[in-house]
Number of protein chains: 2
Amino acid sequence: MKNNIRDLRAEKQLTQGDLAEAVGVSRQTINAIEKEKFDPSLPTAFRIARLFGRTIEEVFRYEEV
Amino acid sequence: MKNNIRDLRAEKQLTQGDLAEAVGVSRQTINAIEKEKFDPSLPTAFRIARLFGRTIEEVFRYEEV
DNA sequence: GACATTTGTTAAATATTGTTTACATTTGTC
DNA sequence: GACAAATGTAAACAATATTTAACAAATGTC
């Protein structure tokens, strides 16, 4: 799973901590998702996308196995 | 999280077993998601949406807490 | 009504994801 | 270079997703 959270976050000038607070997860969780250590849960993905005013497909890109 | 997998599945005349196989999860997982027992992972949500030719937002509806 | 198919459900076990804590590294500013 | 802010990372744990197996209930067909 790829994502462009880093760019979207930069656009809005939010730190990982800002985003974490807005989304309701820990800063380390945002960091891990951003660094693509693991995928967020579907609810978390929805909250992230919504926060940026984007669809999930615009934020995350799934590459078929 | 709400979803309309049941209707989409009916449109395509797929059984839960058919969908499970196409998506790559167990039939019970499809049943549980369909009955909204729990949310799928993000990759599974992507595969389900893709299979129906829909976006995740068209298949799943997230209601803010 | 017998039969096959589909769906619902439950329990236990496993895998994956999210949180916390703590510390290290990087980056920017003075 | 000192300092603060931001980011990276890791281990332990908590929470959730998924599988497997088994059986019950519903549905459709003959």
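Here the structure is a predicted model, which means the values were calculated and not measured. Note on naming: letters A, B, ... go to the chains in the order of the sequence lines (proteins, then strands), and numbering restarts at 1 for each one.
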To the nearest angstrom, the CD1-P distance between A:I48 and C:dT17 comes to 14 Å
Might you work through the salt bridge (charged side-chain N to carboxylate O under 4.0 Å, His left out) test for B:R9 and B:E11, ending with a clear yes or no?
CA-CA 5 Å; B:R9 195 164 58 71; B:E11 274 178 24; over 6 Å; no
Regarding B:R50 and A:Y62, do their side chains bring together a donor and an acceptor under 3.5 Å, going by distance alone?
no
Determine whether B:F60 and B:N4 make a side-chain contact, defined as any pair of heavy atoms from C-beta on separated by less than 4.5 Å. no
Do the side chains of B:T55 and A:T55 get nearer than 4.5 Å, heavy atoms only?
no
Inset, instruction - Flag the pair A:I56 / A:L42 as yes when at least one side-chain heavy-atom distance between them is below 4.5 Å, and no otherwise. - result: yes
Numerically ordered, the residues 1-21 of chain A set in heavy-atom contact under 4.0 Å with DNA chain C is none
All heavy atoms of A:N3 vs all of A:I33, minimum pair found to be ND2-O, 3.0 Å
So, with a heavy-atom separation below 4.0 Å from DNA chain C, the residues of residues 31-38 of chain A are A:F38
- Message: Are B:E57 and A:F46 packed together at the side-chain level, in the sense that at least one heavy-atom pair is separated by less than 4.5 angstrom?
- Response: yes
Hey, mind stepping through B:K35 and B:N31 against side chain to side chain contact (heavy atoms under 4.5 Å, CB included) and telling me if it holds?
CA-CA 6 Å; B:K35 302 285 289 182; B:N31 181 272; 3.8 Å; yes
A:E36 atom CD, neighbour heavy-atom count above 12 within 6.0 Å:
yes
Worksheet item: Would one find a side-chain N or O of A:S41 under 4.0 angstrom from OP1 or OP2 of D:dA17?
Response: no
Nucleotide N/O to protein N/O under 3.5 Å, stretch nucleotides 20-23 of chain C:
| from | atom 1 | to | atom 2 | distance (Å) |
| --- | --- | --- | --- | --- |
| C:dT21 | O4 | A:Q28 | NE2 | 2.8 |
| C:dA22 | N6 | A:Q28 | NE2 | 2.8 |

Nearest heavy-atom contact between B:M1 and B:D39 is CB-OD1, 3.0 Å
